[in-house]
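I have placed the structure first, in the form of structure tokens, so that the comments after it can refer back to it.
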Amino acid sequence: MLFTIISANTFESHKEIRLAIRLLNLLAPATILFIAVVLLIDPVSQLSAANKTSLGQLPYALALVVALLAYGFNRNQILFATLNLISAYLMIQLGLQVSLDQPNAYVLFSILSILLPINITFIATYSERGLFTPLGLTRLAGVLIGYLLLGLLWSNGALATQLPNLPTNMFEMFFAERFLSNMSAVFYGVALLTTLIYFVTQRGHGSAGVLISLVASLFMFIWFDLPNVSTLLVTAALIAMGIAVLQSSHKMAYLDELTEIPARRALQDKLATLGKRYTLAMVDIDHFKKFNDTYGHDIGDQVLRMVAAKLASVSGGGKAYRYGGEEFTLVFPGKDEAQALPFIEQLRELIANYPLYIRGDQRPEDEKRGAQMRKQKETSDHTNVTISIGVCEKTDEYLDASEVMKQADKSLYEAKNNGRNQSVAAHYKPETPKRRRTRKDYV
Ligand SMILES: Nc1nc2c(ncn2[C@@H]2O[C@H](COP(=O)(O)OP(=O)(O)OP(=O)(O)O)[C@@H](O)[C@H]2O)c(=O)[nH]1
């Protein structure tokens, strides 16, 4: 039977807020860089001709770095977006540093402002695949081929002859006095919609990088008459895309994929920075195997996410990490066991009192019955998960954090043997009541 968690105050609460924060976080570096571009347009226009020429070379160097980074970390969406942007930049530097009144330049500008968003629309839909695969190489060729053809026609002066054949909506400007033709505006509209949909659904650094390259190129065309605007915007976009590659690789290494809390590698780094006084708590979900066996691995995963989310809300200066499997570690820098225990107990109670309403796969046949069932869930059977915790503070007995952790593990074993759903500290043992200890025993 297939089971689903239908918990009332689900741990998915505030989902929209968390999604919005995540999306804003992904775009934060680019936003700051784009603001910097707006502020820099005027000062940069005052630079000497020699400095402007040097500045104009910066995007090529940056593109090389970002492309190598993206390739190294297997972020091919960002690699393609970088190649797309830098190819367009190259064409602008080669062919569009003259008046757009010249037919060859005007046709180049018109086609470029369409080719760029078309490429981005395709790149936005790409899933990560190896570059040196038939698909990867086809995509790479797809990004570059338009620029190669355009460059060839432009260098032969063949574009000028096409001017009478251009449709009128490539001449009419979408905004009065702005350099975005009606046709280009349509392609940018489609590209913006596509990249936004993928950005919101994927929420990854790859889709953020693609969106950033699109927005930079859009403003590059809109403000085409401003001096150095292409150099500044392409530079800003490439820096933001480079940051996106680094952030995504950092996330891959340090965040646990399932629970999205810091993973063991992050814990190792944290342990190396701890001072003389700290407390570690090893947390283990009780009877998790039984839970998995009864409800299936997917529900087990959801429970892991719920427990991780609760542990991540730890107060008292603590921080939660996924140690591995159904084990977590809490780190309390600067605190001894007695100081950390109230916060640990608070989490234990929070998780133990959290009702999990789980239903089988007999879906209601009609809406009315479904609503009835949802109402009933308040009174229907629910289950809870509990955790056991072993706690140990750093004292002179232990040489390093790994020894403290070993001791916390022993205390965890004791907590399991004592009946689970409790915390046991290695040193701090207040007068033992006959009943199970609660948070109040520690405050
Ligand atoms: N769903 C899911 N299960 C996992 C994951 N990692 C480990 N597990 C399961 O966690 C269970 C751990 O079980 P045990 O170590 O035997 O312990 P337990 O059943 O929790 O029992 P006690 O610790 O003695 O209370 C195993 O069934 C693993 O398959 C995971 O990422 N997802």
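First listed ligand is number 1; within each ligand, the first listed atom is number 1. Residue indices begin at 1 and follow the sequence shown. All heavy atoms count here, side chains included; hydrogens, waters and symmetry mates do not.
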When you measure from the centre of the six-membered ring of Phe80, is the NZ or CZ of Arg139 under 6.0 Å away and within 45° of the axis? no

Identify whether the distance between the nearest side-chain nitrogen and carboxylate oxygen of Glu403 and Lys406 falls below 4.0 Å. no

Validation row, ring centre Phe221 to ring centre Phe109 under 6.0 Å: yes

I'd like the contact residues of ligand 1, where contact means a heavy atom below 4.0 Å. Asp284, Ile285, Asp286, His287, Phe288, Lys289, Asn292, His297, Gly300, Asp301, Leu304, Arg322, Gly325, Glu326, Lys416, Arg420

Is it true that Tyr278 and Asp336 share a donor-acceptor pair across their side chains at a distance under 3.5 Å? no

With sequence neighbours excluded, tell me which residues meet side chain to side chain contact (heavy atoms under 4.5 Å, CB included) with Asp286. Thr386, Ser388, Lys416, Arg420, Asn421

Sub-3.5 Å donor-acceptor pair from the side chain of Ser184 to the main-chain atoms of Leu180, do we have one? no

